[in-house]
Number of protein chains: 2
Amino acid sequence: MDNFKNLDPLLHSQLRLAIMSILMNVDSAEFVYIKEKTEATAGNLSVQLDKLSQAGYIKITKSFKGKKPLTSCSITKVGISAFEKYVDDLKQYINP
Amino acid sequence: MDNFKNLDPLLHSQLRLAIMSILMNVDSAEFVYIKEKTEATAGNLSVQLDKLSQAGYIKITKSFKGKKPLTSCSITKVGISAFEKYVDDLKQYINP
DNA sequence: TAAAGTAGTTTATATTATAAACCTAATTTA
DNA sequence: TAAATTAGGTTTATAATATAAACTACTTTA
């Protein structure tokens, strides 16, 4: 309980944290839904989803809704663990 | 309770958050003490303390301990409010 | 069929964090 | 007492990160 634990840099980012926060509470979410909830630009969201996916924190499934592309995201077990650890580590910073 | 609040970018940084966390719990702290607790390099610490000071979140007092320079830091009222707001905003991200 | 819209991705730029190099003064060692 | 070492920083250069602008590919509407 002495020094500060390093916060997972992948999660210590407002947008990625918001994405993970959403995905913690749903089975899966579509690109457009996440975009609206986070108020992120599509470009930024695309990049950050990719990073989370690269890390294995989320799973991205590309399909079609009718004839339009549809990107769906869901959190993985690894992602859940990482999120929980992040929250736990963070407590050290925000509690007296 | 719908969309995500923006997290104060000045506080949403591991090192600056650690600095503020320390200063929330003491009257004042010396540069070297903060450096040890946070395990930051002196250069990085110097820069980040300066940013917090510029924002009015902390007060930096430069004096001498014997013949050596001594930099002391303390949190301001503005800093306390900002920290508390940050923690509050953050809860939206980490609670279900 | 031209213009506008949807759902994204790629790439260029701005911002931020970090470390390396540097400074000044004091102290120790040879 | 000259040279190296240490303390306590600051400044500056670089690496990493976030963001927005521009672009792609396809679809719908006028």
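Labels below follow one simple rule: chain letters A, B, ... track the order of the sequence lines, proteins then strands, and each chain is numbered from 1.
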Name each donor-acceptor pair under 3.5 Å that joins a side chain in residues 46-53 of chain B to protein atoms two or more places apart or in another chain, with its distance.
| residue | atom | partner | partner atom | Å |
| --- | --- | --- | --- | --- |
| B:Gln48 | OE1 | B:Arg16 | NH1 | 2.5 |
| B:Gln48 | NE2 | B:Asn44 | OD1 | 3.0 |

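- In this structure, the CG atom of B:Leu45 is 16 Å from the C1' atom of C:dA20, given to the nearest Å.
- Atom CD1 of B:Ile60 is separated from atom P of D:dG9 by 10 Å (rounded to the nearest Å).
- A distance of 8.5 Å separates CD1 in B:Ile80 from NZ in B:Lys77, rounded to the nearest 0.5 Å.
- A:Glu39 is linked by a side chain to side chain donor-acceptor pair (under 3.5 Å) to B:Asn3, counting only residues two or more places apart in sequence or in another chain.
- Separating the OH atom in B:Tyr33 from the CD1 atom in B:Ile22 is a distance of 6.0 Å, to the nearest 0.5 Å.
- Listed for the A:Ser13 side chain is no donor-acceptor partner under 3.5 Å among the backbone atoms of A:Pro9.
- In this structure, NZ of A:Lys35 is placed 12 Å from C1' of D:dA20, rounded to the nearest angstrom.
- If you measure from atom CD of B:Glu30 to atom P of D:dG8, you get 9 Å, rounded to the nearest angstrom.
- Going from atom CD of B:Glu39 over to atom P of C:dA19 covers 12 Å, rounded to whole Å.
- For the atom pair CG (B:Leu23) and CD1 (B:Ile34), the distance works out to 5.0 Å, reported to the nearest 0.5 Å.
- DNA chain D is contacted by A:Val47, A:Gln48, A:Lys51 of residues 47-56 of chain A, taking any non-hydrogen atom closer than 4.0 Å.
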N/O donor to acceptor pairs below 3.5 angstrom from side-chain atoms of residues 54-73 of chain B, sequence neighbours left out:
| residue | atom | partner | partner atom | Å |
| --- | --- | --- | --- | --- |
| B:Tyr57 | OH | B:Asp8 | OD2 | 2.6 |

Check nucleotides 1-4 of chain C for protein N or O atoms closer than 3.5 Å to its own N or O atoms and list the pairs.
none

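- Each of B:Val32 and A:Ala40 lies near DNA chain D, and the nucleotide nearest B:Val32 is the one positioned closer to the 5' end.
- Shown here for B:Gln14 and A:Lys5, the closest heavy-atom pair between the two residues is NE2-O, 3.9 Å.
- Residues satisfying the side chain to side chain donor-acceptor pair (under 3.5 Å) test with B:Glu36, not counting sequence neighbours, are none.
- With sequence neighbours excluded, the residues that form a ring pair (Phe, Tyr, Trp, His ring centres under 6.0 Å) with A:Tyr93 are A:Phe4.
- Among the heavy atoms of the strands lying under 4.0 Å from A:Thr71 are primed sugar atoms or P, OP1, OP2 only; no base atom is included.
- B:Leu70 comes within contact range of the sugar-phosphate backbone alone, with a heavy-atom separation under 4.0 Å but no base atom that close.
- Of the residues in residues 6-22 of chain B, those with a non-hydrogen atom less than 4.0 angstrom from any atom of DNA chain C are B:Ser13, B:Arg16.
- Contacts of B:Asp27 classified as side chain to side chain donor-acceptor pair (under 3.5 Å), with partners at least two apart in sequence or in another chain: none.
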Contact pattern, 5' to 3', of nucleotides 21-30 of chain D - B, S or - by protein heavy atom under 4.0 Å: B-----S---
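- Under the rule for a side-chain contact (heavy atoms from CB on, under 4.5 Å), the partners of A:Ala40 that lie at least two apart in sequence or sit in another chain are A:Leu15, A:Thr38, A:Leu45.
- For B:Phe83, there are no ring pair (Phe, Tyr, Trp, His ring centres under 6.0 Å) partners, not counting sequence neighbours.
- Atom NZ of B:Lys65 and atom P of C:dA26 are 15 Å apart (whole Å).
- Rounding to the nearest 0.5 Å gives a distance of 11.0 Å between NE2 of A:His12 and CG of A:Asn6.
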